[in-house]
Amino acid sequence: MKNYKVQKKCKVQLYILMFFIAYSCYIFFRYRSQSLIDEMIPDYIYKFVNFSIIFFALFSIIIRNKVSKKYLILSMVLIAISVVVYIKTGQNSFLFIISLMLAAYNIPFSKIVIWSVVNNVFWFISTFICSICGLIPDNTYSHKDVLGNMVMAHSYGFNHYSSASFIVLYVSIMVVFLLRNNLKIKYLIVVYSVNIITALIFTTRMPLVLSTVFVLLVFLEEKFNFINFTSKKWMGMAIAVPILLSVLSLYYTKYYRPSNLIMYVINMATSKRLEMGQRVINTYNLKLFGQHIPMYGTYSRIYGANPNQEYFYLDNGYLYLFYEYGLVFSFIILFSLIVLFLYSNRSKDEVLYIWILILMLFGLLNSTFLNIEYNPCLLAVMSVLVRFRKDKNWRID
């Protein structure tokens with residue numbers, strides 16, 4: 001009997017280990033697309049990493065004890081959908097995200113967040129040092145800084161100068177989340193100071209604005225407790241915000257007119273995001289399982305194989321969901337975010353609520369809610385769906 005218990009314990013620990021290996025591989029995979037570190041590493045290693053994400057994630061699912069038939073059926077359905085999306089779009093990101101969401105079931109979310117922080121800090125520092133030492137390129141871009149002056153921005157090993165600032169922003173949010181039960185104002189000051197320094201180094205504006213909003217909301221909550229979860233309006237917001245922002249994205253983009261002064265100002269203030277979105281709506285149709293939409297961002301246009309290619313990039317996260325990944329995937333992601341919103345409301349987790357709210361609002365300008373390498377919120381969905389429904393006192397960490 002003792003041997004049986006030991007083996008069972010090892011299995012429980014093994015599925016957690018398999019998940020963290022898969023998640024580490026995914027973060028490494030994502031850093032390849034965000035940095036120039038891939039120039040140091042042979043292509044066959046990346047192919048092995050891609051295979052490892054799926055292998056270890058599925059292995060983590062299979063070796064578990066006492067998982068319900070519903071969980072297994074749901075796993076097979078979601079993986080089947082992700083395979084169809086991969087075939088339609090050629091994008092393996094959805095397959096990775098779904099596999100990791102399923103593998104993260106019943107793993108404490110705080111451990112996942114800690115693992116994300118550790119991996120991101122490691123790869124951030126490694127990329128920065130490799131660039132400083134001249135091992136990988138330091139791309140430069142001419143743009144306006146926080147004060148509106150034209151400056152030469154350095155990417156320090158990343159594809160784009162803004163990439164590093166977003167990593168620092170979301171690592172900061174994760175740190176505040178981990179400290180939320182013993183949060184002090186001095187911690188918020190340190191976090192905000194790090195974001196200011198990062199904005200000055202990388203000459204970025206949007207990540208600094210987001211960090212300002214996040215720190216301000218958390219500060220107000222700590223000082224004045226303005227989020228009152230006993231009021232039904234916060235639960236209503238949890239359901240309405242993702243749906244409302246999706247509808248607004250589609251409406252304002254579809255009916256964008258340069259002659260409308262308000263729309264014109266919004267378009268110019270958001271680097272022509274309405275114009276780019278309208279171009280997608282006029283060119284492509286909505287599909288169930290998505291489609292491949294060729295995009296050429298700043299990095300591709302300046303340092304890519306076709307430097308004369310016209311800039312075209314779909315930044316709006318909701319439009320990106322609907323048109324690139326399709327209606328089925330969009331429903332899964334939006335439903336997952338609503339579930340997390342409702343959980344944070346019912347469990348009275350104010351910092352998690354603010355975190356998801358920031359993700360949702362920023363979805364109008366970017367699709368970072370899909371970047372689970374530094375936004376691992378989606379990895380808590382399966383645990384919330386299964387565990388919290390049965391036990392209202394259960395918590396994700």
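One is the number of the first residue; the rest follow in order along the sequence. No experiment lies behind these values; they were computed from the predicted model shown. Note: hydrogens, waters and symmetry copies are ignored here, and every other heavy atom, side chains too, is used.
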What verdict does the side chain to side chain contact (heavy atoms under 4.5 Å, CB included) test give for F158 and N139, after you've listed the backbone C-alpha separation in whole Å, the side-chain angles of each residue and the deciding distance to 0.1 Å? CA-CA 8 Å; F158 293 90; N139 292 340; over 6 Å; no
After noting the C-alpha distance and the side-chain angles of S344 and E350, does the key distance pass the side chain to side chain contact (heavy atoms under 4.5 Å, CB included) rule? CA-CA 7 Å; S344 63; E350 294 87 355; over 6 Å; no
For Y374 and I173, what are the C-alpha separation, side-chain angles and deciding distance, and is it a side chain to side chain contact (heavy atoms under 4.5 Å, CB included)? CA-CA 9 Å; Y374 51 61; I173 291 176; over 6 Å; no
Quick one: do L314 and M295 satisfy side chain to side chain contact (heavy atoms under 4.5 Å, CB included)? Show the steps, please. CA-CA 7 Å; L314 184 59; M295 300 184 198; 3.7 Å; yes
Go through Y325 and Y320 one step at a time and tell me if the ring-ring contact (aromatic ring centres under 6.0 Å, His included) criterion holds. CA-CA 7 Å; Y325 288 113; Y320 189 87; 5.6 Å; yes
One pair to check against ring-ring contact (aromatic ring centres under 6.0 Å, His included): F48 and Y44. What are the steps and the verdict? CA-CA 6 Å; F48 175 75; Y44 68 85; 9.1 Å; no
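Scanning both residues, T204 and S165, for their nearest heavy atoms gives OG1-OG, 2.7 Å. Of all heavy-atom pairs spanning M101 and S336, the tightest one is CE-OG, 3.8 Å. Shown here for G157 and I136, the closest heavy-atom pair between the two residues is CA-CD1, 3.7 Å.
No donor-acceptor distance shorter than 3.5 angstrom exists from the side chain of S60 to the backbone of F56, with no hydrogens or angles considered. Remark: side-chain polar atoms of Q291 are paired, donor with acceptor, to backbone N or O of N285 under 3.5 angstrom. Distance alone, capped at 3.5 Å, places no donor-acceptor pair between the S163 side chain and the N159 backbone. Within the 3.5 Å criterion, the main-chain N or O of N267 finds a donor-acceptor partner in the side chain of T270. In this structure a side-chain-to-backbone donor-acceptor pair under 3.5 Å is missing from S116 to I112. Checking side-chain atoms of T253 against main-chain N and O of Q278 turns up no donor-acceptor pair under 3.5 Å. S155 places no side-chain N or O within donor-acceptor distance of the main-chain N or O of D138, the cut-off being under 3.5 Å.
For the pair L178 and S110, the minimum side-chain heavy-atom distance is below 4.5 Å. Counting only heavy atoms from C-beta outward, the side chains of N371 and T368 approach each other to under 4.5 Å. Between F55 and N50, every side-chain heavy-atom pair lies at or beyond the 4.5 Å cut-off. In this structure, the side chains of W115 and S24 come closer than 4.5 Å at one or more pairs of heavy atoms. A 4.5 Å side-chain heavy-atom check between P376 and M174 finds at least one atom pair inside the cut-off.
The structure places CD1 of I107 at 10.0 Å from CG of L17, a figure rounded to the nearest 0.5 Å. A distance of 12.0 Å separates CG of L217 from CD of E222, quoted to the nearest 0.5 Å.
Inspection of the E324 and Q91 side chains reveals an N or O donor paired with an N or O acceptor under 3.5 Å. Looking at Y31 and T127, their side chains never bring a donor and an acceptor atom within 3.5 Å of each other. Side chains of N195 and S172: a donor on one and an acceptor on the other come within 3.5 Å. Between S249 and N316, the side chains place a donor N or O and an acceptor N or O closer than 3.5 Å (distance only, hydrogens not considered).
R32 forms no cation-pi arrangement with F29, by the criterion of a distance under 6.0 Å to the ring centre and an angle within 45° of the ring axis.
When each of F341, F177, F369 is tested with W355 by the rule ring pair (Phe, Tyr, Trp, His ring centres under 6.0 Å), just one qualifies, namely F177. Remark: of the listed residues I281, I266, L274, L274 is the sole one forming a side chain to side chain contact (heavy atoms under 4.5 Å, CB included) with Y256.
Around atom CZ of F20, more than 12 heavy atoms belonging to other residues, nucleotides or ligands sit under 6.0 Å away.
Under the 6.0 Å cut-off for aromatic ring centres, Y251 and Y255 qualify, their centroids lying closer than that. Two rings, from F94 and Y86, have their centers 6.0 Å or more apart. Aromatic ring centroids of Y161 and H154 lie 6.0 Å or more apart. Ring to ring, F322 and Y318 are not that close: their centroids are 6.0 angstrom or more apart.
Residues satisfying the ring pair (Phe, Tyr, Trp, His ring centres under 6.0 Å) test with Y323, not counting sequence neighbours, are none. Among residues two or more places apart in sequence or in another chain, the ring pair (Phe, Tyr, Trp, His ring centres under 6.0 Å) test is passed with F219 by none. For E373, the salt bridge (charged side-chain N to carboxylate O under 4.0 Å, His left out) criterion is met by R30, not counting sequence neighbours. Scanning for side chain to side chain donor-acceptor pair (under 3.5 Å) contacts around W234 gives an empty result, with sequence neighbours left out.
Taking the six-membered ring for Trp and thresholds of 30 and 60 degrees, F128 and F124 have nearly parallel ring planes, at less than 30 degrees apart. Ring planes of Y46 and F28: parallel class, angle under 30° (limits at 30 and 60°).
Residue pairs meeting the ring-ring contact (aromatic ring centres under 6.0 Å, His included) criterion with at least one partner in residues 187-215, sequence neighbours excluded, are Y156-F202.
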Under 3.5 Å, side-chain donor or acceptor atoms of residues 357-367 against the rest of the protein: list the pairs with distances, not counting sequence neighbours.
none

